[in-house]
Amino acid sequence: MKFTYYGHSCFLIETGGKKFLFDPFISGNELAAGIDVNSIEADVILVSHAHADHIADLVAIAKRTNALVVSNWEIIVWAQQQGITNVHPMNLGPARFSFGKMHYLPAAHSSSLPDGTYGGNPGGFLFHDTERKFYYTGDTCLTMDMQLVPQYAALDFAIMPIGGNFTMDADDALIAAGFIGCNKIIGVHFDTFGYIRIDHDAVKEKFRTAGKDLILPGIGETIEL
Ligand code: NI
Ligand code: MN
């Protein structure tokens, strides 16, 4: 399984012969200036919530690749209004796909579309029917709901925001890692804006001291998991 980081909370996971792209936001991210948005391939695009720093490149990539766009009902209705036709709307809870069963789990955050319309409940995606089991929490604070995750899967890794201010910081992510029973965390949603700049060495050391591994991928980097 391959993980490629495109900056902020945008990443590609390749597993089971499919490319899953999460939260496409590249062109508005100065730190990701080296990424060519037009070269990104995807079979499935998953959108955790409606904020611009998670969907800015959704319409362009979805139209070019004709990837299946998966998100909550409200975001999918909006996407259809933008001319995207290959869609799978869902809401919080489980849904079945050709690649297996997946859960869209609640995130404690907000979700409004760029034009101000309601973007449905924010969430995260739990893949527990794939060869490797993983959870992307989406933008969220620490929640007790995370304690449900071990009921579904013994996770191989998880992807979490660690920048603070709008989401969990590294301290909260460390508690979340305990809640979901996972020792390998990939940190996202850091450094993009002044509010979420972090000290890489300090947060990695925090995880190491707690016996857990925090990976901070470089933008454009591919990691084999
Ligand atoms: Ni957000
Ligand atoms: Mn965000």
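Heads up: numbering here begins at 1 and tracks the sequence. Just so you know, ligand 1 is whichever comes first in the structure, and atom 1 is the first atom listed for that ligand. Just the heavy atoms: all of them, side chains too, but no hydrogens, waters or symmetry mates, feed the values below.
Considering only heavy atoms from C-beta on, Phe97 stays 4.5 Å or farther from Val44 through its side chain. Counting only heavy atoms from C-beta outward, the side chains of His189 and Asp53 approach each other to under 4.5 Å.
The Ni ion (ligand 1) has His49 NE2, His51 ND1, His109 NE2, Asp139 OD2 as its protein N, O or S neighbours under 2.8 Å. Distances from the Mn ion (ligand 2) under 2.8 Å pick out these protein N/O/S atoms: Asp53 OD2, His54 NE2, Asp139 OD2, His189 NE2.
Linking Ile, Leu, Val, Met, Phe, Trp and Tyr whenever their side-chain heavy atoms come within less than 4.5 Å puts Leu142 and Met144 in one cluster.
Below 30°, between 30° and 60°, or above 60°: for Phe99 and Phe20 the angle between ring planes is above 60°, a perpendicular geometry. The aromatic rings of Phe25 and His8 sit perpendicular, their planes meeting at an angle over 60°, well past the 30° parallel limit. In this pair, Phe22 and Phe134 present their aromatic rings perpendicular. The plane angle is above 60°, beyond the 30 to 60° band. Classification of the Tyr5-Phe3 ring pair by plane angle, with boundaries at 30° and 60°, yields parallel.
Nearest heavy atoms, Gly220 versus Ile35: CA-CD1, 3.7 Å.
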Requested in this report: Show the numbers, then the answer: is there a salt bridge (charged side-chain N to carboxylate O under 4.0 Å, His left out) between Asp171 and Lys206?
Outcome: CA-CA 8 Å; Asp171 292 319; Lys206 213 176 279 248; 2.9 Å; yes

